[in-house]
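Just so you know, these numbers use all the heavy atoms, side chains as well, and skip hydrogens, waters and symmetry mates. Just follow the structure's listing: the first ligand is 1, and inside any ligand the first atom is 1.
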Amino acid sequence: MNHYDIIIIGTGAGGGTIAQALSESSARILIVERGDFVPQEEQNWNPEAVWKHLRYRARERWVDDRGREFVPYTHYGVGGNTKFWGSVLYRLRREDFQAVEHLDGVSPAWPIDYDTLAPYYDLAERLYHVRGGNGVDRTEPPRPAYPYEPVPHAPEMAAIVDRLRKQGLHPSPLPLGLLRVGEDDGCILCNTCNSFVCKLHAKSESDVCCVRPAVSRPNVTLWTNTTATRLITAPSGRKVEAVEIERDGVTDRVHAPLVVVSCGAVNSAALLLRSANDKHPTGLANSSGLVGVRYMAHLATMMQGFHPLKKNSTVFQKTVAINDFYLRGPKTHYPLGQIQSQGRTHGVMAQTVVPWIPLWAYEAWVSRGVDWLVMSEDLPALSNRVMVDSQGRIQLHYQPNNVKAHRRLVTQTKRILRRLGYWLIVTHSHGNTNTTHQCGTLCFGTDPAASVLDPYCRTHDIENLFVVDASFFPSSAAVNPGLTIAAQALRVGDHIKDTHL
Ligand SMILES: Cc1cc2nc3c(=O)[nH]c(=O)nc-3n(C[C@H](O)[C@H](O)[C@H](O)COP(=O)(O)OP(=O)(O)OC[C@H]3O[C@@H](n4cnc5c(N)ncnc54)[C@H](O)[C@@H]3O)c2cc1C
Ligand code: SF4
């Protein structure tokens, strides 16, 4: 009953995707997920439930480098954070796989190049139904046509795109994972997508696209509300022989010759650290001392262009990207990052920043605003790291770097928005507590002294332990991470099928 061929821990972009890939084999697979299925309910699309009452957020608190507790921006449930993502599904640029000099230092090379991951990007885009425009984005690496047509711009966004072109910019369609757009049971292009759960199950996310199809097969078992608390190694210390779990308040062990951890970059590192034993006194797979180290999360600023006399009638606004400064800025040869249009801000969301301003004032304001996200790469630093304190709490030490590049991009975006005619440009950032794009805590590489995982995401130290989630990233790049996590999970899935099954 407690013995399987493979145990997968976590069901997000990494875990859900590899579960789907491996479910096609005859291996008996147990998936362990600490959260539950998110119900389809009215609150899915209710900004108050989502933003004021944090209905779906992880209940635990983490601690920052000054010992202050904070609520991490993360979710535990089937599908992990993909249930809440904006479904902007980008490939990394070819240059992101190479060493790139930034204003604040070097973004290191990956142990694989773009061409190695490209076939898995193709598969991941089909699995997650990605829609995009062909040949428009000049930074995009070579690729076949997108599986689906891009989401058309709403009329006001189309007008903005025209005016961006007149500024000499090269706006391109955002690649989006949306299911059956415009069809009877499909996506209705609503204004509660990013940070919300899709009530219609029409968002491409891991629960819908991967976990449900996987568990419909007889060889796959899913245990929800089940937390992996430790990995137990054999006496040699070279293999994991059991996963300790907590289920319904009971501690138990499950066994498999192959274990795939995919708890998200912070929790996977924490699990390995919590699994320290005599053979691995500083945490499992930690001979390099790099478990939890090099945490990255992107530098992200939300910007809103506001015009008091113009109501914004766009419902689905998230269709445009500006990548002109991705590889180099306007007056510098350093990369600055990416600008994306964002989902509509709701009054309640804005009110979480300054709660004493009345909701009606926020509603009036956001109804006249157009929302953008400005995102830059942060660089791996040894001092930015995940640790576990004596009470077992997650400690996140993070000081953003490459900040100058991000500020330049914000300044550049302000200029662009002013030229578009906005009277006021408001900026906001969740700062150090924005854990949505967490990555890099178990970086992959060829040198066991300088990385935790090998290029197939197997730990260098423990032969039957793989990690497939955002933790393998050696650099954070400046596009959304989800598709790369999924593509690498598919690549690792193929490798496991070839070598272990
Ligand atoms: C609001 C929001 C918007 C986003 N928008 C985008 C976007 O548009 N595009 C994009 O590419 N990315 C986006 N992201 C980021 C993206 O969701 C993550 O990069 C991605 O989901 C990470 O995948 P993962 O497998 O590393 O971890 P997760 O998706 O976080 O999955 C980890 C899973 O492990 C489970 N788990 C954790 N610990 C344990 C344990 N000990 N035992 C058992 N289970 C455990 C969790 O419950 C969860 O299901 C967004 C994120 C958020 C929060
Ligand atoms: S209907 Fe479409 S736009 Fe709305 S939440 Fe679902 S996937 Fe997102």
Exercise. Tell me the protein N, O or S atoms under 2.8 Å from atom 2 (Fe) of ligand 2, in chain and number order.
Key: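 The answer, once waters are left aside, is Cys187 SG.
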Quick check for students: name every N or O atom pair between ligand 1 and the protein closer than 3.5 Å, with distances.
from	atom 1	to	atom 2	distance (Å)
ligand 1	5 (N)	Gly86	N	3.0
ligand 1	8 (O)	Gly86	N	3.1
ligand 1	8 (O)	Ser87	N	3.1
ligand 1	8 (O)	Val88	N	3.0
ligand 1	9 (N)	Val88	O	2.8
ligand 1	11 (O)	Val88	O	3.3
ligand 1	11 (O)	Gly482	N	2.6
ligand 1	25 (O)	Ala13	N	3.2
ligand 1	25 (O)	Gly14	N	2.9
ligand 1	26 (O)	Ala470	N	2.9
ligand 1	29 (O)	Asn81	N	3.1
ligand 1	30 (O)	Asn81	ND2	2.8
ligand 1	34 (O)	Ser262	O	3.4
ligand 1	41 (N)	Ala228	O	3.0
ligand 1	42 (N)	Ala228	N	2.9
ligand 1	44 (N)	Arg34	N	3.2
ligand 1	47 (O)	Glu33	OE2	2.6
ligand 1	47 (O)	Gly77	N	3.4
ligand 1	49 (O)	Glu33	OE1	2.6
ligand 1	49 (O)	Glu33	OE2	3.3
ligand 1	49 (O)	Gly77	O	3.0
ligand 1	49 (O)	Gly80	N	3.4

Quiz item: Which atoms of ligand 2 have any heavy atom of Thr192 under 4.0 Å away?
Solution: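 Near Thr192, the atoms of ligand 2 are 5 (S).
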Between [X] and [Y], is any side-chain donor less than 3.5 angstrom from a side-chain acceptor?
| X | Y | answer |
| --- | --- | --- |
| Asp36 | Asn225 | yes |
| Tyr73 | Asn81 | no |
| His428 | Thr301 | no |

Quiz item: For the rings on Tyr146 and His129, is their centre-to-centre separation under 6.0 Å?
Solution: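 Ring centroids of Tyr146 and His129 are no less than 6.0 Å from each other.
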Quiz prompt | Parallel, tilted or perpendicular, as decided by the 30° and 60° cut-offs, for the rings of Phe472 and Phe444 | solution =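 Because their plane-to-plane angle is over 60°, the rings of Phe444 and Phe472 count as perpendicular.
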Quiz prompt | Qualifying residues under salt bridge (Lys or Arg N to Asp or Glu O under 4.0 Å), relative to Glu377, sequence neighbours excluded | solution =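 Glu377 satisfies salt bridge (Lys or Arg N to Asp or Glu O under 4.0 Å) with no residue once adjacent residues are dropped.
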Quiz prompt | salt bridge (Lys or Arg N to Asp or Glu O under 4.0 Å) partners of Arg55, counting only residues at least two apart | solution =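 Partners of Arg55 by the salt bridge (Lys or Arg N to Asp or Glu O under 4.0 Å) criterion, ordered by chain and then number, come out as Glu41.
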Quiz item: Should the proximity of Phe196 to ligand 2, defined as any heavy atom under 4.0 Å, be assigned to the side chain, the backbone, both, or neither?
Solution: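 Neither; nothing of Phe196 gets under 4.0 Å from ligand 2.
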Quiz item: Is there a donor-acceptor pair under 3.5 Å between the side chain of Gln317 and the backbone N or O of Gln342?
Solution: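 Yes; at least one donor-acceptor contact below 3.5 Å.
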Quiz item: Tyr90 ring centre to Arg93 NZ or CZ under 6.0 Å, with the angle to the axis within 45°?
Solution: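 No - Arg93 does not lie over the ring of Tyr90 by the 6.0 Å and 45° rule.
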Quiz item: Of the options Asn402, Asp378, Asp96, which is the one that meets Ser476 in a side-chain hydrogen bond (donor to acceptor under 3.5 Å, both in side chains)?
Solution: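 It is Asp378; the other options fail the test.
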